[in-house]
Amino acid sequence: YEELGAEEQRKVTDAIRKLYRQTFLLERRYDRKTGRYQVNGDYYPCSKHLEFVRAYFAIMDIQVVENSQMGVIYIQGEQVMGEKLSRLATFYILALKLIYDEQMSAVSTSVNAVTSLGEIHEKLGTYRLLLKQPSVTEIRRTLALLKRYQLIEPLDVLEEMDGQSRLVIYPTVNVVLMGILSTVLGMPEEAWLAALEGQLRPGLVEMNRKAFYAGRQVTGIASAPTGA
């Protein structure tokens with residue numbers, strides 16, 4: 001680190017702070033102004049100096065994982081402190097994961113997974129998970145939390161969200177959902193893996209298997225009990 005120039009040191013320091021604050025660093029993020037994905041300036045300094053970043057976090061007993069297939073670097077470990085997810089946030093992540101996989105299966109070459117708030121609620125209604133309409137305040141708070149943890153990128157202003165409001169779904173949803181649900185619902189690991197193999201096409205099984213194990217260890221975003 002001391003051998004780096006002042007500018008490179010600043011970039012690495014900023015990347016470490018950002019990673020610790022939001023758990024995930026995406027390789028590319030959606031830019032609302034241009035309507036396209038843009039390279040995340042924090043990702044590459046972290047990836048380039050990954051050994052140093054890992055050594056830094058290891059002091060706090062935190063692991064740093066880079067998944068180049070999904071284009072994400074994230075931290076995991078018991079020392080990672082994050083906010084508890086509300087029941088609504090957990091359900092939103094479930095819906096986002098289902099929609100993400102459906103879109104990736106339909107257009108395997110696409111890097112864009114876009115949904116709407118209305119589609120999320122419709123998906124939850126189909127599975128009878130959303131028994132009543134959440135308050136506007138609760139919805140905004142939930143979306144702000146998911147945005148902060150790099151799971152979504154709202155394409156419309158949060159204060160003006162309605163059923164037509166669009167959201168970009170980031171691949172980080174793959175890392176989070178399966179492990180969270182497996183620990184919250186208490187189902188045996190073998191049952192979850194069997195469900196993965198039975199429901200997904202072969203090309204998606206291995207990616208979701210890795211996400212399952214990673215999600216079980218990502219404790220920075222802990223889910224509240226389903227009865228909360």
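Remember, predicted model here, so these are calculated numbers, not experimental data. All values below come from the heavy atoms of this structure, side chains included, with hydrogens, waters and symmetry mates left out.
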Subject >> Between CZ on residue Phe52 and CD on residue Glu3, distance to nearest 0.5 Å >> reply: 11.5 Å
**OP:** Sequence neighbours left out, what pairs pass salt bridge (Lys or Arg N to Asp or Glu O under 4.0 Å) with at least one residue falling in residues 129-140?
**Re:** none
Original post:
When rounded to the nearest 0.5 angstrom, what distance separates NZ in Lys97 from NZ in Lys123?
Top reply: 13.0 Å
Original post:
Between CG of Leu98 and CD1 of Ile93, what distance do you get to the nearest 0.5 Å?
Top reply: 12.0 Å
**OP:** Indicate whether the side chain of Tyr44 and that of Glu27 have a donor and an acceptor atom separated by less than 3.5 Å.
**Re:** yes
**OP:** Show your working on salt bridge (charged side-chain N to carboxylate O under 4.0 Å, His left out) between Glu153 and Arg166 and close with a plain yes or no.
**Re:** CA-CA 9 Å; Glu153 186 66 47; Arg166 298 164 301 146; over 6 Å; no
Original post:
Taking atom CG of Asp42 and atom CG of Leu19, what is their separation to the nearest 0.5 Å?
Top reply: 9.5 Å
Original post:
Would a 4.5 Å heavy-atom cut-off, applied to side chains only, mark Ile73 and Val64 as touching?
Top reply: yes
Subject >> Nearest-0.5 Å distance that lies between atom CG in Leu155 and atom OG1 in Thr115 >> reply: 10.5 Å
Subject >> Side chain proximity check, Ile75 to Tyr20, heavy atoms < 4.5 angstrom >> reply: yes
Original post:
Is there a side-chain contact between Ile16 and Tyr56, using heavy atoms and a 4.5 Å cut-off?
Top reply: yes
Subject >> Check: Val72 and Val65 side chains under 4.5 Å, non-hydrogen atoms >> reply: no
Subject >> Under 3.5 Å side-chain donor-acceptor pair for Glu66 and Ser47 >> reply: yes
Original post:
Is any side-chain heavy atom of Gln150 less than 4.5 Å from a side-chain heavy atom of Thr23?
Top reply: no
**OP:** Keeping the roles fixed (side chain from Tyr92, backbone from Thr142), state whether a donor-acceptor pair exists under 3.5 Å.
**Re:** no
Subject >> Taking every non-hydrogen atom, the tightest pair across Gln103 and Ala113 >> reply: OE1-CA, 3.1 Å
Original post:
Distance-only, no hydrogens or angles: does the Thr126 side chain make a donor-acceptor pair with backbone N or O of Glu122 under 3.5 Å?
Top reply: yes
Original post:
How long is the gap from CE on Met104 to CD1 on Ile169, to the nearest 0.5 Å?
Top reply: 8.0 Å
Subject >> Residues Asp14 and Lys18 bridged, charged N to O under 4.0 Å >> reply: no
**OP:** Side-chain contact test, heavy atoms from C-beta onward, threshold under 4.5 Å: evaluate it for Tyr100 versus Val114 and give yes or no.
**Re:** no
Original post:
Which heavy-atom pair separates Ala15 from Leu25 by the least distance, and what is that distance?
Top reply: O-CD1, 3.8 Å
Subject >> Glu7, CD: over 12 other non-hydrogen atoms inside 6.0 angstrom >> reply: yes
**OP:** Kindly indicate whether the side chain of Phe24, heavy atoms from C-beta on, has any atom under 4.5 Å from the side chain of Tyr170.
**Re:** no
Subject >> Side chain to side chain, Leu146 and Val173, heavy atoms closer than 4.5 Å >> reply: no
Subject >> For Leu4, all residues meeting side chain to side chain contact (heavy atoms under 4.5 Å, CB included), sequence neighbours excluded >> reply: Tyr1, Glu8, Gln9, Val12, His49
Subject >> Exam field: side chain Gln38 to backbone Tyr30, donor-acceptor pair closer than 3.5 Å >> reply: no
Original post:
Does CZ belonging to Arg17 count more than 12 external heavy atoms closer than 6.0 Å?
Top reply: no
**OP:** Report whether Leu143 and Val136 are members of the same hydrophobic cluster (ILVMFWY, side-chain heavy atoms less than 4.5 Å apart, transitive linking).
**Re:** no
**OP:** Search all heavy atoms of Ile139 against all heavy atoms of His121 and return the closest pair with its distance.
**Re:** CD1-CE1, 3.8 Å
**OP:** Ignoring hydrogens and angles, tell me if any N or O in the side chain of Arg29 forms a donor-acceptor pair with the backbone of Asn40 under 3.5 Å.
**Re:** no
Original post:
Hey, does the side chain of Ser165 reach the backbone of Asp156 with a donor-acceptor pair shorter than 3.5 angstrom?
Top reply: no
Subject >> side chain to side chain contact (heavy atoms under 4.5 Å, CB included) involving Glu51 - partner list, sequence neighbours excluded >> reply: none
